[in-house]
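In this text the structure is predicted, and so the values were computed from the model without any measurement. Numbered from 1 within each chain, the chains take letters A, B, ... in sequence-line order.
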Protein chains: 2
Amino acid sequence: MVRDEDGSTRAREVYARLRADIFGGRLAPGRRLKFGELRERYAASAGAIREALVALTSEGLVVSRPHQGFHVVPLSHRDLAELVEARLVVETRALWLSVRDGDTAWEAGVVAAFHVLERTPLLDAADRPGGEPGHPSDAWNAAHAAFHHALIAGCGNRRLVAVARAHREEAELYRQWSVSLGRRSPETAASDHRALMEPALARDPDLAAERLAAHITLTARLLIRCATDAPAAPPEAAPEAAPAGRPRVPAPAPPPRTP
Amino acid sequence: MVRDEDGSTRAREVYARLRADIFGGRLAPGRRLKFGELRERYAASAGAIREALVALTSEGLVVSRPHQGFHVVPLSHRDLAELVEARLVVETRALWLSVRDGDTAWEAGVVAAFHVLERTPLLDAADRPGGEPGHPSDAWNAAHAAFHHALIAGCGNRRLVAVARAHREEAELYRQWSVSLGRRSPETAASDHRALMEPALARDPDLAAERLAAHITLTARLLIRCATDAPAAPPEAAPEAAPAGRPRVPAPAPPPRTP
DNA sequence: CGTCAACAATGTTTCGAAAGTTTTTCTGAG
DNA sequence: CTCAGAAAAACTTTCGAAACATTGTTGACG
């Protein structure tokens, strides 16, 4: 009678590893995912691979066409613009609600997550195996995600939180593939996040949401500037990463509230 | 070189039928989905069934616990409240953007969808096989969904549109299982939707969004009143449809914009 | 020289059986 | 009568092979 929610399932393991490989940049956007390769790579049979791919498909990280196989989702300017817009809609609103409704446990979670984020070095001490030189460390990425999650967790709406997380993760993917992103200093990052946390703890929903919107659009601007220079060219074969569409920032924060 | 997006795949077919059976009320919320039954019902092997279930899982219609099988998602007051809140966030904003950015093709789509909706009888002429007496017809449901989709399609953000559709579909599930929902007259429904369309075509984003919010919360109120009377009791065995949580309406439209 | 059709190769999808895990049932002792 | 423990049943999960579809290539024909 353990009744653990243990995710011990062959397919779930492949799912997790595939996901990590996509986010970690080991599988380039637009790259075709052949069953043979994956079977060898993850030492699982076609059924398990397939199941993991289907799960990732409805999560938006993988696209599939019947009888034509699976691909890592291709990055495009248009998709990035849509993603930023969606984040502005969902995440800022979730934060607003969170600040309004969050209880003491929520506050504690935010403070704790910020503390961890502050103490986690942005870059690895030395270039570890697997750690890219210019990119943030895995630990920092995790702490960063945890902080943003803690901020909006107070709204109590599992649905909004889940959608926001999905959006953040895809944004992470874009960040992974943008060339270096003009490395911001650790100090800048810390003050950015403190600027997010302060109005939240001070129970000022409007200011908190405004700051978050600025945070999101700023990141997006950097990404898009990067992307125009080097249109998200993955080093390892991305035959159909179509950068078509409207490369503009999705209108700098279309007024979330009118007077 | 047809390059059709033909969904011809065994698993996809099972997926579609399962989905239809859940929405059609033939599979009650909370009901366990055993492989044996499903294999017989859909005449497919375990692999295909499994794949379809996984796809439905990450869509939120089915929940899975490793080694313990799959269930149709259980309905609960708390989940309904969260769903309504999420719809208010995503769908009203998408409509706002749609009204602001939509082009002539979007207008045409809205007008066309409304025309179809207006001409589709709310109830079937006679009680067809499969058509419940008090419930709207399949045709009307389809037209209704198409109308709401057309309204927000103008925002050009596939992500927002997809999330909104997922939310609407789950709301549909709740409506399916609420006993009768105090049948509104066809005239009321028509005028409701006209009230949605008019400000949209008149390019008044704020009014359109406001009307949509009212539309959503009104439906939710009816549902929740229904649910308190008869807590979503499915006729055909639903051993764990837990109606726990906070049964309140998620604050009647928390001010979407402050002055 | 360009176009079309059949062929081969690669890769995806499906199936049924075996392996592993959870739940239930049955027995015996306290 | 209740509770603990062990065997059995039921079900989920995994695997590898066979069936099926698509793509690229080659050859012939207009």
N/O donor-acceptor pairs under 3.5 Å from side chains in residues 146-156 of chain B, not counting sequence neighbours:
{"from": "His148(B)", "atom 1": "NE2", "to": "His144(B)", "atom 2": "NE2", "distance (Å)": "3.1"}

Donor-acceptor list for residues 159-166 of chain A side chains, cut-off 3.5 Å, not counting sequence neighbours:
{"from": "Arg159(A)", "atom 1": "NH1", "to": "Glu170(B)", "atom 2": "OE1", "distance (Å)": "2.5"}
{"from": "Arg159(A)", "atom 1": "NH1", "to": "Glu170(B)", "atom 2": "OE2", "distance (Å)": "3.4"}
{"from": "Arg159(A)", "atom 1": "NH2", "to": "Asp79(B)", "atom 2": "OD1", "distance (Å)": "2.4"}
{"from": "Arg159(A)", "atom 1": "NH2", "to": "Asp79(B)", "atom 2": "OD2", "distance (Å)": "2.7"}

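In this entry the distance linking CD of Glu37(B) with C1' of dA10(D) reads 13 Å, nearest Å. Atom P of nucleotide dG16(D) and atom CD1 of Ile49(A) are separated by 12 Å, given to the nearest angstrom.
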Practice problem: Assign a letter to each nucleotide of nucleotides 6-13 of chain C from its 5' end: B, base within under 4.0 Å of a protein heavy atom; S, sugar-phosphate only; -, no contact. | Solution: -----SSS
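The side chain of Arg39(B) sits closest to dG16(C) out of dC15(C), dG16(C), dG16(D).
Partners of Ala145(A) by side-chain contact (heavy atoms from CB on, under 4.5 Å), not counting sequence neighbours: none found. Listed by chain and number, the residues in a ring-ring contact (aromatic ring centres under 6.0 Å, His included) with His167(A) amount to none (sequence neighbours excluded). Here Ala108(A) pairs with nothing under the side-chain contact (heavy atoms from CB on, under 4.5 Å) rule; sequence neighbours left out.
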